[in-house]
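A quick write-up on the structure given underneath.
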Amino acid sequence: MIERLKVRLAYQRGWQVVDGSTVMQTFENRDDAFRFVHGKGARVLLAWSRTVIGGQAAPFDFTASFQQDAVGRIFKAVHGPGAGTWFWTCFEGGARGTVETKDEAVVGVERAYTRFEA
C-alpha cells in the first residue's frame, strides 16, 4: 500500500497525483486530486522544513508547505506538564492537536490540510 502521494500543479492541465516519477491521474481541481489520494488509502505528501524564527532554526519545530505556501506546523513541547509531547496545527480551518510522537503530528497536519467537503 502507498503511504503518501504527491499532488502537483500541472501547467494548463490541472492537478496531477504522482507516485515517484509516475503520473497516476490528472484532475481539474485540487480537492478532486486529494479525494483520489484518500481513495487510495494514502496521505498527500507535504514538504517539511525547519521553522525559522528571528533568523534561527527553532529546535523540534517544523513547518509543512504545499505549493510553496505554509499550511501547518508541528513542534515538541520541551517544558511544563506536556514536555515531550508534540503539538500540531493546520493554518486552514484551525484544526490542531497534541500527540505523543512526531510521526503522529505529521499525520495530523497532512490529514487536516487535505480534508475536503464531501
Side-chain angles (χ1 to χ4, degrees):
M1 179 164 89
I2 302 167
E3 185 176 329
R4 294 154 110 184
L5 293 168
K6 183 174 186 164
V7 174
R8 68 182 183 195
L9 184 60
Y11 182 69
Q12 296 185 345
R13 288 181 281 171
W15 296 87
Q16 292 179 331
V17 176
V18 181
D19 182 12
S21 61
T22 303
V23 175
M24 296 179 74
Q25 197 160 335
T26 302
F27 299 88
E28 286 187 26
N29 64 61
R30 185 186 74 174
D31 285 350
D32 287 344
F34 287 170
R35 282 185 189 91
F36 177 82
V37 171
H38 287 259
K40 293 285 185 188
R43 300 190 319 265
V44 173
L45 176 64
L46 300 177
W48 290 91
S49 61
R50 297 289 301 271
T51 302
V52 177
I53 301 172
Q56 299 291 321
F60 308 110
D61 198 325
F62 303 88
T63 300
S65 298
F66 179 78
Q67 294 294 303
Q68 300 176 333
D69 293 325
V71 298
R73 182 176 170 201
I74 66 172
F75 62 88
K76 185 177 183 179
V78 293
H79 303 291
T85 60
W86 285 83
F87 175 79
W88 65 267
T89 185
C90 186
F91 302 151
E92 256 183 55
R96 62 184 178 270
T98 302
V99 292
E100 294 298 316
T101 69
K102 179 181 173 185
D103 288 342
E104 289 173 307
V106 167
V107 169
V109 172
E110 289 176 344
R111 285 190 177 149
Y113 177 69
T114 62
R115 191 176 0 203
F116 46 84
E117 297 301 319

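What you see below is based on every heavy atom in this structure, not just the backbone, and it leaves out hydrogens, waters and symmetry mates. Small disclaimer: the values here were computed from a predicted structure and weren't measured.
- A distance of 14.5 Å separates CZ in Arg73 from CH2 in Trp88, rounded to the nearest 0.5 Å.
- The two residues Asp32 and Asn29 come nearest to each other via the heavy atoms N-OD1, 2.8 Å.
- Taken together through direct or relayed side-chain contacts under 4.5 Å among Ile, Leu, Val, Met, Phe, Trp and Tyr, Val71 and Leu9 form part of one hydrophobic cluster.
- No salt bridge links Asp61 with Arg50; every basic N to acidic carboxylate O contact stays at or beyond 4.0 Å.
- Using bins of under 30°, 30° to 60° and over 60° for the plane-to-plane angle, the ring pair Phe66/Trp15 lands in the parallel bin.
- With values rounded to the nearest 0.5 angstrom, Met24 atom CE is found 9.0 Å from Phe27 atom CZ.
- Using bins of under 30°, 30° to 60° and over 60° for the plane-to-plane angle, the ring pair Trp86/Phe60 lands in the perpendicular bin.
- Pairing each heavy atom of Ala77 with each of Gly82, the nearest pair is CB-O, 3.4 Å.
- Asp19 contributes no side-chain N or O that, together with a main-chain N or O of Thr22, makes up a donor-acceptor pair within less than 3.5 Å.
- At distances below 3.5 Å, not a single donor-acceptor pair connects side-chain atoms of Ser65 with backbone N or O atoms of Gln68.
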**OP:** Dump the intermediate steps for side chain to side chain contact (heavy atoms under 4.5 Å, CB included) on Arg8 and Val18, then the final yes or no.
**Re:** CA-CA 8 Å; Arg8 68 182 183 195; Val18 181; 3.5 Å; yes
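- When all heavy atoms are compared, the tightest approach of Arg13 to Thr26 is O-CG2, 3.1 Å.
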**OP:** For Thr63 and Thr51, run side-chain hydrogen bond (donor to acceptor under 3.5 Å, both in side chains): C-alpha distance rounded to whole Å, both residues' side-chain angles, the deciding distance at 0.1 Å, then the answer.
**Re:** CA-CA 5 Å; Thr63 300; Thr51 302; 2.8 Å; yes
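- Put simply, CZ on Arg111 and SG on Cys90 are 13.5 Å apart, with the number rounded to the nearest 0.5 Å.
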Subject >> Val107 vs Arg43, side chain to side chain contact (heavy atoms under 4.5 Å, CB included): CA-CA, chis, key distance, verdict >> reply: CA-CA 8 Å; Val107 169; Arg43 300 190 319 265; 3.5 Å; yes
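- In the hydrophobic clustering of this structure, Val99 groups with Val78; members are Ile, Leu, Val, Met, Phe, Trp, Tyr whose side-chain heavy atoms approach within less than 4.5 Å, directly or through other members.
- The structure places CG of Leu46 at 11.5 Å from CG of Asp69, a figure rounded to the nearest 0.5 Å.
- Between the side chain of Glu104 and the backbone N or O of Thr101, at least one donor-acceptor pair lies under 3.5 Å.
- Under a cutoff of 6.0 Å and an axis angle of 45°, Lys102 and Phe62 form a cation-pi pair.
- You'll find the side chain of Phe34 stays beyond 4.5 Å of the side chain of Val37, heavy atoms only.
- Across Ala64 and Val109, no two heavy atoms sit closer than the pair CB-CG1, 3.9 Å.
- Between Val106 and Trp48 there is a side-chain heavy-atom pair separated by less than 4.5 Å.
- No side-chain N or O of Thr85 forms a donor-acceptor pair with one of Thr98 less than 3.5 Å apart.
- Taking NE2 from His38 and CG from Leu5, the interatomic distance works out to 10.0 Å, rounded to the nearest 0.5 Å.
- The neighbour count for Arg30 CZ, taken as heavy atoms of other residues, nucleotides or ligands under 6.0 Å away, is above 12.
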